[in-house]
Visitor: 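I have a structure here, written as structure tokens, and I will follow up with some questions on it.
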Amino acid sequence: MVSTYCLTPKTHLKVPTIVVFLLKKLSPFHFHHCKFYSHHSLPFPRTSSLHVKAIKDGSFQNLDVANHLLNVFVKSKNLNHACKLFDEMPHRDVRTWTILVSTFVHNMQNEGIKPNQFTLSSVLKCCSSLSELKIGKGVHGWILRNGFVFDVILENALFYFYVKCEDFGSAKWLFESMEDKNSVTWNIMIGAYLDTGNVDKAVDLFRRQGLKDVSVWNTIINGLMRNGFERIALKLLYEMVKDGTLFNEVTFSIALVLVSLLKDLELGKRIHGRVLLSGIHVDGFLRNSLIDMYCKCGEMKMALKVFEKMDTYFGRNETPLKKSFLGFEDAFKTFTSMVRKDIDIDVFSITSIVSACASFGVLELGRQVHGLVQKIGHKLDAYLGSSLIDMYAKCGNLDDAKRIFKQTNYMNVVLWTSMVYSYALHGRGREAVQLFEFSMSRGLLPNEVTFIGVLTACSHAGLVEEGCRYFRLMKEVYGIKPGVEHFTRMVDLYGRAGRFKEIKKFIDENGIHHLRAVWRSFLSSCRLHRDIEMAEWVSENLLRCQTLDARPYVLLSNIYAIKQRWEEVETVRRLMQSRGVKKHPCQSWIQIRNQVHAFIMDDRSHPQKNEICAYLYKLIGRLREIGYSSDAKLVMQDVEKKQGEGEMLLGFHSEKLATAYGIISTASQTPIRIMKNLRIYDDCHNFMKYTSQLLDKEIIVRDIHRFHHFKHGCCSCGDYW
DNA sequence: ATAGGGTTAG
């Protein structure tokens with residue numbers, strides 16, 4: 001179908017409707033998946049020496065060269081070669097399409113064919129998506145010269161074109177001169193304000209336009225959400241319900257994205273219920289939105305249920321973390337049975353699921369999904385590739401991440417960033433930096449996330465000077481304004497290296513005293529270097545930022561307690577109460593076969609608790625014989641001592657419990673993989689090293705920041721974390 | 001003619 005684009009000889013321009021049809025499809029998204037020239041498989045032309053040469057020496061892989069060639073072929077009316085070339089181009093960009101659109105307009109003028117309003121709005125649509133201001137203006141001029149009568153549709157198309165090309169002067173002029181405005185017009189105008197971050201103006205306009213059209217509601221709610229005003233978007237969604245405007249499938253789609261951002265599973269379930277009640281057909285679009293929402297809220301079982309098209313709906317009352325573990329257990333079973341039953345699944349939902357597996361670190365499920373991808377034969381596009389790389393890396397499998405990366409053979413920032421970040425996660429700073437340097441030498445434009453990856457790599461590998469250089473490079477060469485994440489990485493970089501004076505200087509220079517994350521990172525470094533004086537000062541600063549994280553409060557009150565400054569101890573405690581600070585329990589989890597087992601420090605709920613504790617006593621005894629000592633300074637620990645519970649005093653942290661359970665539940669050669677929701681304690685880090693030596697067992701711990709691979713008494717982080 | 005889906009960071 002698509003292969004008969006206007007370049008094919010004879011058929012082009014003779015039948016304007018074909019052109020219109022094709023142009024309508026002319027968006028990068030559609031063509032990404034289409035084979036451009038499928039049923040006219042021409043033999044490779046010998047006459048095209050340019051083309052042959054370009055293919056032979058590989059220069060054809062370069063987009064600039066390919067575009068240039070395309071232009072040459074098109075201009076010389078060598079349309080067969082143009083088609084062939086287009087078909088074989090590894091990538092296409094805006095210029096590729098611009099060449100084609102210009103040719104179209106040019107040919108139309110040459111052959112004296114008068115376009116009708118459909119042709120015109122289609123060409124305008126092309127110009128909008130290509131940001132082709134010159135051609136669009138030409139079309140506008142043509143309309144005026146030929147006395148063409150505007151209808152709302154054509155005028156909207158023109159208006160949208162000016163907005164998309166960011167010619168706001170012309171857009172505004174057109175908008176004000178338009179007599180006939182419909183909901184589409186308002187959508188374009190409000191959308192324009194939202195896209196440029198003019199949220200107040202957009203809301204104002206929304207209030208002033210009198211239409212109660214569902215699409216205008218959709219525009220404003222979606223725009224607020226994308227601008228980071230999730231709460232206001234939610235308020236408006238409720239207002240929409242009160243207003244009596246019925247949701248359509250787009251509204252539901254937007255609402256579900258909103259739910260994932262707010263991580264409000266209960267709301268998500270209610271919206272799911274409404275979808276079912278509304279009688280709207282749950283199409284692929286909506287189904288994937290539902291799946292994505294459930295994945296991002298950690299409710300894998302429901303995600304898979306929707307996947308399976310089983311529209312069951314139920315609610316349960318459990319703590320979020322526990323619930324997600326239960327979900328994964330079931331999800332595992334559901335998924336394997338689905339694979340067996342050959343259930344249909346598209347690449348959008350797979351990507352969501354892979355990404356969910358990554359954030360919860362469930363390797364086994366992730367592997368199953370990857371297996372399914374291979375079975376179906378989905379191409380590894382940038383989305384899927386990035387999420388698979390991330391999944392393997394976050395599940396502790398750097399080699400598999402690398403394997404996926406090698407399979408995806410194209411330059412895409414997210415893809416490369418995922419790989420850079422994966423190296424960083426595993427403490428392979430040099431490799432991360434090398435990959436980053438290589439990507440830049442190949443002309444890949446790094447984005448803000450790429451730099452987060454590079455800075456993380458430098459900080460985990462102790463590459464302080466390099467990190468500083470990249471921070472400057474980011475600001476000065478790439479014009480990226482550093483965000484909280486970059487500042488935090490820099491503080492981390494100096495902090496791990498113990499260069500506290502430089503942190504203070506950095507905080508002053510950048511004026512970032514108000515950022516909690518910055519002080520939190522600083523505090524972690526104080527803990528790592530056991531600098532109590534500095535920890536006191538940093539905690540005080542952190543508390544000034546109104547943090548609701550309990551750890552700095554506990555830490556500071558412990559420091560005051562050692563110094564016997566009882567009044568200050570009391571002040572901190574009161575502050576904690578008045579701010580409603582809640583303690584976030586430290587948890588570790590381990591997957592044994594199909595089950596995820598979660599451990600909390602004072603949790604007695606595990607069925608094999610006695611066995612685990614007994615083993616742990618025995619193990620610690622044996623570790624002491626080879627030099628392990630567990631008398632870590634309690635003051636630097638986040639957790640409060642619990643009186644009267646003997647084992648607490650021994651420091652049975654959750655990661656130790658998980659390790660003990662892992663050892664008694666697996667064969668001796670099997671590596672143990674543990675996940676943890678906070679940073680690993682130094683005592684436990686020590687414990688893992690000795691255990692790996694004593695039992696000759698590999699232990700892999702993923703903490704909130706990175707991976708630790710323990711083997712033969714050493715850790716991959718080189719005790720630098 | 002407008003508004004809605006998957007990836008990295010948080």
Side-chain angles (χ1 to χ4, degrees), chain A residues 24 29 117-118 120-122 124-125 128 150-161 163-164 181-192 194-195 213-223 225-226 228 247-258 260-261 283-293 295-296 346-356 358-359 378 380-391 393-394 404 408 412-422 424-425 446-456 483-486 488-489 517:
Chain A
K24 273 191 177 165
F29 180 77
Q117 76 217 57
F118 299 110
L120 289 170
S121 46
S122 298
L124 283 172
K125 187 176 178 174
S128 309
F150 276 114
D151 62 353
V152 200
I153 293 179
L154 189 55
E155 223 165 12
N156 277 340
L158 191 62
F159 176 42
Y160 184 65
F161 152 73
V163 164
K164 276 281 148 170
K181 292 191 181 80
N182 63 9
S183 60
V184 176
T185 323
W186 287 104
N187 276 326
I188 298 169
M189 189 72 246
I190 295 171
L194 289 166
D195 282 347
D213 194 282
V214 57
S215 70
V216 190
W217 282 102
N218 289 344
T219 304
I220 190 78
I221 293 171
N222 183 42
M225 179 174 84
R226 311 270 164 192
F247 284 22
N248 66 9
E249 68 279 10
V250 179
T251 323
F252 281 121
S253 229
I254 295 169
L256 290 168
V257 175
L258 186 57
S260 338
L261 288 175
D283 61 356
F285 229 117
L286 200 44
R287 234 181 54 215
N288 284 333
S289 302
L290 280 165
I291 290 169
D292 193 49
M293 180 277 289
C295 281
K296 287 192 173 137
D346 72 9
V347 71
F348 290 96
S349 23
I350 288 205
T351 311
S352 295
I353 292 175
V354 172
S355 149
S359 48
H378 268 312
L380 282 185
D381 65 4
Y383 290 103
L384 192 51
S386 316
S387 58
L388 279 170
I389 291 170
D390 186 52
M391 186 274 290
K394 286 205 179 128
I404 302 280
T408 62
N412 168 288
V413 219
V414 181
L415 205 50
W416 284 65
T417 302
S418 307
M419 197 61 233
V420 169
Y421 198 81
S422 300
L425 265 181
N447 64 17
E448 66 280 10
V449 185
T450 317
F451 280 102
I452 295 174
V454 176
L455 293 176
T456 307
V484 194
E485 297 84 6
H486 303 102
T488 316
R489 291 321 189 277

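Every chain is numbered from 1, with letters handed out A, B, ... down the list of sequences.
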Visitor: Which is true for A:S418 with a 4.0 Å heavy-atom rule: it touches a base, it touches only sugar-phosphate, or it touches nothing?
Guide: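 Sugar-phosphate, backbone atoms only, no base.
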Visitor: With a 3.5 Å cut-off and heavy atoms only, can you find an N or O donor on one side and an acceptor on the other between the side chain of A:N187 and the base of B:dA3?
Guide: no
Visitor: Can A:F285 be classed as stacking with the base of B:dG4, given a centroid separation cut-off of 5.5 Å and a plane angle cut-off of 30°?
Guide: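 Aromatic stack with B:dG4 present for A:F285.
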Visitor: Measure the distance from CG on A:L384 to P on B:dG6 and round it to the nearest whole Å.
Guide: 14 Å
Visitor: Can you check whether any acceptor in the base of B:dG6 is under 3.5 Å from a donor in the side chain of A:D346, or vice versa?
Guide: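 Flag unset: no donor-acceptor pair detected.
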Visitor: Quick one: A:I190 CD1 to B:dG4 P, roughly how many Å, whole number?
Guide: 13 Å
Visitor: List the steps, then state whether side chain to side chain contact (heavy atoms under 4.5 Å, CB included) holds for A:M225 with A:L261.
Guide: CA-CA 9 Å; A:M225 179 174 84; A:L261 288 175; 3.6 Å; yes
Visitor: Find the distance A:I221:CD1 to B:dA3:P and express it as a whole number of Å.
Guide: 16 Å
Visitor: State whether A:N222 places a side-chain N or O below 4.0 Å from either non-bridging phosphate oxygen (OP1 or OP2) of B:dG4.
Guide: yes
Visitor: Strictly below 4.0 Å: does A:S355 bring a side-chain N or O up to OP1 or OP2 of B:dT8?
Guide: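 Answer yes for this pair, as a side-chain N or O of A:S355 is under 4.0 Å from OP1 or OP2.
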Visitor: Taking atom types as modelled, find out whether A:D213 and A:N218 have a side-chain donor-acceptor pair closer than 3.5 angstrom.
Guide: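 Absent: no donor and acceptor within the cut-off.
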Visitor: Has A:N187 got a side-chain atom pairing as donor or acceptor with A:S183's backbone, closer than 3.5 angstrom?
Guide: yes
Visitor: Rounded to whole angstrom units, what separation is found between the CD atom of A:E448 and the C1' atom of B:dA9?
Guide: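 Distance check: A:E448 CD to B:dA9 C1' gives 8 Å.
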Visitor: Atom OH in A:Y421, atom CG in A:D390: separation rounded to 0.5 Å?
Guide: 9.0 Å
Visitor: Hey, does the side chain of A:S121 reach the backbone of A:Q117 with a donor-acceptor pair shorter than 3.5 angstrom?
Guide: yes
Visitor: Which nucleotide sits closest to the side chain of A:V414: B:dG4, B:dT7, B:dA1?
Guide: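 The answer is B:dT7.
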Visitor: Select one nucleotide: of B:dA3, B:dG4, B:dT8, the one nearest the side-chain heavy atoms of A:Y160.
Guide: B:dA3
Visitor: Taking the minimum atom-to-atom distance to the side chain of A:N447, which one of B:dT8, B:dG4, B:dG6 wins?
Guide: B:dT8
Visitor: Can you find a side chain N or O atom of A:K296 that sits less than 4.0 Å from OP1 or OP2 on B:dT7?
Guide: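 Checking B:dT7 against A:K296, a side-chain N or O does come within under 4.0 Å of OP1 or OP2.
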Visitor: Any idea which of B:dA1, B:dG4, B:dT7 is nearest the A:N182 side chain?
Guide: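 Nearest to the side-chain atoms of A:N182, counting from C-beta on, is B:dA1.
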Visitor: Over all strands shown, is A:T351 touching base, sugar-phosphate only, or nothing at heavy-atom distances under 4.0 angstrom?
Guide: base
Visitor: State whether the side chain of A:D346 and the backbone N or O of A:S349 hold a donor-acceptor pair below 3.5 Å, judged by distance alone.
Guide: yes
Visitor: Expressed as a whole number of angstroms, how long is the span from A:F247:CZ to B:dG4:P?
Guide: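 The distance from CZ of A:F247 to P of B:dG4 comes to 16 Å, rounded to the nearest Å.
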Visitor: If you check the A:T417 side chain, which of B:dT8, B:dG6, B:dA3 turns out closest?
Guide: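 Nearest to the side chain of A:T417 among the choices is B:dT8.
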Visitor: Kindly point out which of B:dG4, B:dA1, B:dT7 is positioned nearest to the side chain of A:E249?
Guide: B:dG4
Visitor: For A:G284, report the nucleic acid contact type (base, sugar-phosphate, nothing); a contact means any heavy atom under 4.0 Å.
Guide: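 Answer is base: heavy atoms of A:G284 come under 4.0 Å of a base.
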Visitor: Checking contacts here: which listed nucleotide (B:dT7, B:dA1, B:dA3) is nearest the side-chain heavy atoms of A:N248?
Guide: B:dA3
Visitor: Could you please name the option among B:dA3, B:dG6, B:dT2 that lies closest to any side-chain atom of A:V347?
Guide: B:dG6
Visitor: Atom CZ of A:F252 and atom C1' of B:dG4: how far apart are they, to the nearest Å?
Guide: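 Atom CZ in A:F252 sits about 13 Å away from atom C1' in B:dG4.
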Visitor: Ignoring hydrogens and angles, tell me if any N or O in the side chain of A:H486 forms a donor-acceptor pair with the backbone of A:L455 under 3.5 Å.
Guide: no
Visitor: Has A:R287 got a side-chain N or O lying under 4.0 Å from the OP1 or OP2 atom of B:dG4?
Guide: no
Visitor: Starting at atom CG of A:L415, determine the distance to atom P of B:dG6, rounded to an integer number of angstrom.
Guide: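 Interatomic distance, CG of A:L415 to P of B:dG6: 18 Å.
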Visitor: Closest to the A:E485 side chain: B:dG4, B:dG6, B:dG10?
Guide: B:dG10
Visitor: Looking at the side chain of A:K394, which of B:dA3, B:dT7, B:dA9 is the nearest nucleotide?
Guide: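 Selected nucleotide: B:dA9.
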Visitor: Mind calculating the distance between CG (A:D283) and P (B:dG4) to the nearest angstrom?
Guide: 15 Å
